[in-house]
Amino acid sequence: MRYWLMKSEPSSYSLDKLKKDKKTMWDGVRNYQARNYMIKDMKKGDGVLFYHSNAKPSAVVGLAKISKNAVPDITSFDKKSVYYDPKSTPENPRWHCVEVEYIAHFNKYLPLAELKLLKSLDGLALLKKGMRLSIQPVLKKHFRVLCKKGVLDKNPFLK
DNA sequence: GCCAACGTTGGC
DNA sequence: GCCAACGTTGGC
């Protein structure tokens with residue numbers, strides 16, 4: 001099993017929204033590196049840290065998991081969608097998306113500025129200068145550090 | 001709102 | 001294949 005961090009601007013899709021929806025297709029990703037992670041590496045059951053970007057403050061806010069492996073992103077075929085891509089067709093889809101399922105909000109949010117101070121997170125992709133990737137792999141040790149910092153009564157990933 | 005960093009596009 | 005121009009991300 002692998003671990004991930006997924007970014008979303010709360011104004012477009014927040015963890016609160018995911019809680020209401022329970023599950024969502026992570027569609028609209030139009031970056032090849034992020035797409036390749038979804039297609040090749042993300043598997044059902046993987047752990048996901050949910051990050052609010054462009055937020056006040058930007059922070060890791062909770063936990064989710066991958067509930068379905070990648071499938072073609074149908075928004076890329078939809079002319080009315082803002083995610084429409086004329087180069088992506090049902091016969092030859094260019095973009096894919098996984099399904100993400102809500103687990104919990106952390107009891108403590110983890111603002112970016114605080115995470116930068118932690119020696120135990122050295123090497124975490126999120127903290128690297130210029131890192132804009134919306135889907136990032138997270139090492140198990142970093143995942144555990146963040147889960148413990150976030151505090152949850154029941155955390156399926158910390159047994 | 002600014003702007004650094006990064007990704008993509010397209011002319012050549 | 002190079003690279004300038006442009007667009008986007010996202011912290012601050």
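The sequence lines fix the lettering, A, B, ..., with proteins before strands; numbering per chain opens at 1.
- Chaining together hydrophobic side chains whose heavy atoms lie under 4.5 Å apart places A:V71 alongside A:M25.
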Every protein N/O lying under 3.5 Å from an N/O of nucleotides 2-9 of chain C:
residue	atom	partner	partner atom	Å
C:dT8	O2	A:R132	NH1	2.7

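- Here A:D16 pairs with A:H105 under the side-chain hydrogen bond (donor to acceptor under 3.5 Å, both in side chains) rule; sequence neighbours left out.
- Looking at residues two or more places apart in sequence or on another chain, you find a side-chain contact (heavy atoms from CB on, under 4.5 Å) between A:N107 and A:V151, A:D153.
- Here side chain to side chain donor-acceptor pair (under 3.5 Å) pairs that include residues 64-81 of chain A, with residues two or more places apart or in two chains, are A:R30-A:D73, A:R30-A:T75, A:S67-A:E99, A:D73-A:T75, A:S76-A:S88.
- For A:R94, the side-chain hydrogen bond (donor to acceptor under 3.5 Å, both in side chains) test picks out A:Y32, with sequence neighbours left out.
- For the pair A:M131 and A:K7, the tightest heavy-atom approach, listed with the atom from each and the gap, is O-NZ, 3.4 Å.
- When the side-chain hydrogen bond (donor to acceptor under 3.5 Å, both in side chains) test is applied to A:D46, the partners found at least two apart in sequence or on another chain are A:W4.
- For the contact set between residues 108-131 of chain A and DNA chain B, defined by any heavy atom under 4.0 Å, the members are A:K129, A:G130.
- Against DNA chain C, the stretch residues 24-35 of chain A makes no heavy-atom approach under 4.0 Å.
- In this view, A:R2 and A:D41 satisfy the salt bridge (charged side-chain N to carboxylate O under 4.0 Å, His left out) rule, not counting sequence neighbours.
- With sequence neighbours excluded, no residue forms a side-chain hydrogen bond (donor to acceptor under 3.5 Å, both in side chains) with A:K141.
- With sequence neighbours left out, A:K19 forms a salt bridge (charged side-chain N to carboxylate O under 4.0 Å, His left out) with no residue at all.
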